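A quick write-up on the structure given underneath.
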Amino acid sequence: MLIKVDTRMVTYAHLVFNQVKYPNPFLWTALIRGYAIQGPFKKSVMLYNCMRREGIGPVSFTFSALFKACGAVLDVSLGRQIHAQTILLGGFASDLFVGNTMIGMYVNCGFLDCGRKVFDEMPDRDLVSWTELIVAYTKSGDMNSAGELFVGLPVKDMVAWTAMVTGLAQNAKPKEAIDYFERMQNAGVETDEVTLVGVISACAQLGVSKYANWARNIAEKSGFGPTHNVVVGSALIDMYSKCGNVEEALKVFEIMKERNVFSYSSMIVGFAMHGRAHAAMQLFHDLVKTDIKPNRVTFVGVLTACTHAGMVEQGRQIFESMEEFYGVAPSANHYACMVDLLGRSGHLKEALELVQTMPMEPNGGVWGALLGSCRIHGNPDIAQVAASHLFELEPDGIGNYILLSNTYASAGMWDDVARVRKLARKKGLQKNPAFSWVESKEGVVHEFFAGDMTHPKCSEIKQALDDLLERLKANGYQPNLGSVLYDVSDDEKKRLLKTHCEKLALAFGLLSTDSTIRIVKNLRICEDCHLFICGASQITGRDVVVRDNMRFHHFHDGKCSCGNFW
DNA sequence: TTAGGGTTAG
């Protein structure tokens, strides 16, 4: 009885167990389960062996507990032995609970095919069996197999639907995730906070405020508003930040009755993304005054905040105090943040030294941060070193070839540009085309590619852009020809710059909205567009928010929140 | 007494 009550006190439970003269299979199983939940996990298997030696026959719960333990320590060979036992001892292999936990063990250990085989051979299956496998497919990135299973599911409950919604969101398919969620609602299936978190995360990826408000309303109406639900609240903070509305993110943070490390970290990361470095630091200092311990993500957020504000000294201090004061050992990712901080602020040599002396093998993020800094500060020599490592670590990463080639282009080393481009072509790698999208007043999303003249309003857009350009020139704007990374004439460079997708999106935004213009770009905003939009915000008196693949830029009255540091 | 969850970096 006592054993069943509190598995957290499993050691104590074990002492009590030892005083029982003739423990029955259920008592044995309760203790085995206790260890399977709390650990040490191997102890549950040891106990099982004792139980067998005593001549006690297991029950189906015994195997469920054992599979749980094997899944927890990722010991598939032990799992296979237990699997064999279920067959040897007769009947257990066809038990529904045993089968389900066996699937769980295999997929946890990374043996999805074995889990599928168990599933296919089960005489009876229930929603749990199906959902386990659906989730396993979504986690392995195989959304087709997950979708096929889901379609074949005769009755779909909230958990199964949620598995699909979340799986799609986690696999960068936010539109499909929202589509599934709407179908789920149409089917009359209830929603809880887990479903909502999946939908909110999908909306965060879309970065569109219309969807953000829609998701918030649903959360409030379903009774899982941020005030009383810390998980939904944290997801909303992240969503609003990624949709460009850091003020609303902060409002959510403030109304939350309970906050945890996710809420704080999401808010810190949100501030960092929006260039509010001091707010991020302040929140970090608030956090360390609470009982909540910062974790590795918190530090990524704080260090990124320092990077975006060029706060080298503060970043250095935080990095050095991570382990000693907060017990978080810096990982390769934290080193990447530091390399980024040092490199972007122009300390390229020190950044390189840090990479060469860090205690673990530098990963792609570390070399990538160094390469990115070389592009900004025009250092082809160090760029070459970083790129050679990146070509090894990430042979298919087209971005690395582009960064290296752009570094050469900025230095006017056109032969090297050609060489790198040829190398990328030889590997069959193609550059992702740049595109931007912008919301109209009605909340409709319009997409623009560079040089794109396919929009129905393209002549009006072109006219607006020409007018704006003239006014900007009168105000001192000079096109930044260094932003064109092709070896062409200056006139051609000017022509190319004029139709960059973010400029088209800006012109459309000016024509079709009357408040803040919100633009999302799939790649990093170029220097000329940054300069252009800065000027436009001053001349037109309109605020512009651009989310590029790195962060947010808030343009207001001729200035950007990133302080021209991005 | 088996199934679904939130934050991260170039």
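For the numbers below, each heavy atom of this structure counts, side chains included, while hydrogens, waters and symmetry mates do not. Proteins come first, then strands; the chains are lettered A, B, ... in the order of their sequence lines, and each starts at number 1. Quick caveat, the model's predicted, so the values are computed rather than measured.
- Below the 3.5 angstrom threshold, one finds a donor paired with an acceptor across the side chain of A/E394 and the base of B/dG10.
- Taking a 4.0 Å limit (strictly below) on heavy-atom distances, residues 182-193 of chain A reaches DNA chain B at A/D192, A/E193.
- With sequence neighbours excluded, no residue satisfies salt bridge (charged side-chain N to carboxylate O under 4.0 Å, His left out) with A/E361.
- As rounded to whole Å, 14 Å separates atom C1' of B/dG10 from atom CG of A/L342.
- Among pairs with a residue in residues 131-141 of chain A, those fulfilling side chain to side chain donor-acceptor pair (under 3.5 Å) read A/R116-A/Y137, at least two apart in sequence or across chains.
- Distance, A/R344 CZ to B/dG10 P: 6 Å, rounded to whole Å.
- Residue-level contact check: A/S234 touches the bases, meaning some heavy atom is under 4.0 Å from a base atom.
- Residues passing the side chain to side chain donor-acceptor pair (under 3.5 Å) test with A/Y106, sequence neighbours excluded: A/H83.
- Comment: A/E254 does not engage A/K251 in a salt bridge, judged by the lack of any side-chain N to carboxylate O separation of less than 4.0 angstrom.
- Between A/Y326 and A/F299, the angle of the ring planes lies from 30° to 60°, which puts this pair in the tilted group.
- Near DNA chain B, meaning a heavy atom under 4.0 Å away, the residues from residues 137-150 of chain A are A/K139.
- For A/V197, counting side-chain heavy atoms from C-beta on, the closest listed nucleotide (B/dT7, B/dA3, B/dG6) is B/dG6.
- Scanning for side chain to side chain donor-acceptor pair (under 3.5 Å) contacts around A/T101 gives an empty result, with sequence neighbours left out.
- Partners of A/E121 under the side chain to side chain donor-acceptor pair (under 3.5 Å) rule, at least two apart in sequence or in another chain, are A/K117.
- The stretch residues 98-127 of chain A touches DNA chain B through A/N100, A/T101, A/L127, each having a heavy atom within less than 4.0 Å of the strand.
- For A/V297, taking side-chain heavy atoms from C-beta onward, the closest of the listed nucleotides B/dT8, B/dG5, B/dA3 is B/dT8.
- Of the residues in residues 349-368 of chain A, those placing a heavy atom less than 4.0 Å from an atom of DNA chain B are A/G364, A/G365, A/G368, in numerical order.
- Side-chain contact annotation: A/R551 with A/H308, donor-acceptor N/O pair under 3.5 Å present.
- Applying the side chain to side chain donor-acceptor pair (under 3.5 Å) test to A/S265 and every residue at least two apart in sequence or in another chain returns A/T298.
- Under the side-chain contact (heavy atoms from CB on, under 4.5 Å) criterion, A/S129 pairs with A/L96, A/N100, A/I103, A/F119, A/M122, A/R125, A/D126, not counting sequence neighbours.
- Counting any heavy atom pair closer than 4.0 Å across all strands shown, A/V135 reaches sugar-phosphate atoms only and no base atom.
- Residues of residues 238-258 of chain A that place a heavy atom closer than 4.0 Å to DNA chain B, in numerical order, are A/D238, A/K242.
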